Amino acid sequence: MSQIKVTFIEDDGTERVVDNAQTGQSLMEVGRSNSVAGILADCGGACACATCHVYIDPDWVDAVGAADEIETDMLDMTGEVQKDNSRLSCQIFLTEALDGLKVTVAPLI
Ligand code: FES
């Protein structure tokens with residue numbers, strides 16, 4: 001495993017930089033273990049709650065990739081706060097290619 005850096009921007013604009021995230025971790029786990037506001041992850045990463053919703057920085061959308069069908073269905077339930085760059089952070093697993101990833105925490109619904 002390697003250490004990589006990820007940045008979360010919380011709903012109030014606070015920037016939280018985590019520079020010791022591990023490859024293989026989910027982005028949700030990194031957010032939870034660093035007390036990032038708004039990453040509740042009520043279902044524990046089962047893609048069943050959408051309380052880990054983030055917006056991927058436009059520069060990182062291609063590197064992160066698209067949601068699968070199950071995740072897309074879950075994201076559809078977030079209603080008006082869903083955007084083209086929405087993803088569930090529990091479904092994003094960190095790799096070295098995501099070193100420097102930046103996301104904004106979506107408002108809770
Ligand atoms: S933690 Fe529930 S959908 Fe991600």
Side-chain angles (χ1 to χ4, degrees):
M1 289 203 289
S2 306
Q3 289 196 336
I4 67 168
K5 175 180 158 183
V6 295
T7 300
F8 295 86
I9 300 170
E10 297 174 340
D11 201 33
D12 68 355
T14 303
E15 196 168 284
R16 305 285 304 275
V17 178
V18 179
D19 56 13
N20 61 350
Q22 302 285 325
T23 55
Q25 277 187 300
S26 75
L27 185 60
M28 175 276 280
E29 290 171 327
V30 175
R32 285 284 307 267
S33 60
N34 288 278
S35 303
V36 173
I39 304 283
L40 303 184
D42 287 343
C43 76
C47 198
C49 73
T51 62
C52 65
H53 181 189
V54 296
Y55 304 125
I56 308 298
D57 183 280
D59 289 344
W60 287 94
V61 166
D62 288 344
V64 170
D68 65 16
E69 192 178 334
I70 293 170
E71 182 183 344
T72 300
D73 286 348
M74 200 67 233
L75 281 167
D76 285 345
M77 297 176 75
T78 65
E80 64 187 24
V81 299
Q82 183 180 12
K83 298 182 181 178
D84 289 345
N85 58 342
S86 285
R87 289 291 311 266
L88 296 178
S89 59
C90 68
Q91 302 303 304
I92 298 170
F93 291 90
L94 299 176
T95 64
E96 289 180 7
L98 297 180
D99 190 13
L101 176 63
K102 194 170 185 179
V103 301
T104 299
V105 179
L108 292 171
I109 52 169

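Predicted model, so just to flag it, every value in this text is computed and none were measured.
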May I have the list of side-chain donor-acceptor pairs in residues 74-82 shorter than 3.5 Å, sequence neighbours left out?
from  : atom 1 : to    : atom 2 : distance (Å)
Asp76 : OD1    : Gln82 : NE2    : 3.4
Thr78 : OG1    : Leu75 : O      : 2.6

Could you list all the side-chain hydrogen bond (donor to acceptor under 3.5 Å, both in side chains) pairs where at least one residue sits in residues 50-63, not counting sequence neighbours? His53-Ser86
Does [X] have any side-chain contact (heavy atoms from CB on, under 4.5 Å) partners at least two apart in sequence or in another chain, and if so, which?
X     : result
Glu29 : Gln25, Ser26
Asn20 : Gln3, Val18
Glu10 : Asp12, Thr14, Arg16, Val36, Ala37

Show the atom names and distances, to 0.1 Å, of all donor-acceptor pairs under 3.5 Å that link a side chain in residues 65-72 to residues at least two apart or in another chain.
from  : atom 1 : to    : atom 2 : distance (Å)
Asp68 : OD1    : Ile70 : N      : 3.2
Asp68 : OD1    : Glu71 : N      : 2.8
Glu71 : OE1    : Arg87 : NE     : 3.4
Glu71 : OE1    : Arg87 : NH2    : 3.0
Glu71 : OE2    : Arg87 : NE     : 2.7
Glu71 : OE2    : Leu88 : N      : 2.8
Thr72 : OG1    : Asp68 : O      : 2.8

Do the side chains of Ser89 and Ile39 get nearer than 4.5 Å, heavy atoms only? yes
Return all side-chain donor-acceptor pairs below 3.5 angstrom for residues 94-102, not counting sequence neighbours, or 'none' if the list is empty.
from  : atom 1 : to    : atom 2 : distance (Å)
Thr95 : OG1    : Ala97 : N      : 3.3
Glu96 : OE2    : Ser2  : OG     : 2.6
Asp99 : OD1    : Lys5  : N      : 2.8

Check which hydrophobic residues are tied to Leu108 through side-chain heavy-atom contacts below 4.5 Å, counting indirect links as well, and list them. Leu40
Transitive ILVMFWY side-chain link Val6 to Val61, under 4.5 Å: yes
Looking only at heavy atoms, which two atoms of Cys43 and Ala48 are closest? And how far apart? SG-N, 3.4 Å
List the atom of Gly45, the atom of Cys90, and the distance in Å for their closest heavy-atom pair. CA-CB, 3.6 Å
With rounding to the nearest 0.5 angstrom, report the CG to CZ distance, Leu27 to Phe93. 10.0 Å
Working to the nearest 0.5 angstrom, can you tell me the gap between Gln22 CD and Ser33 OG? 10.0 Å
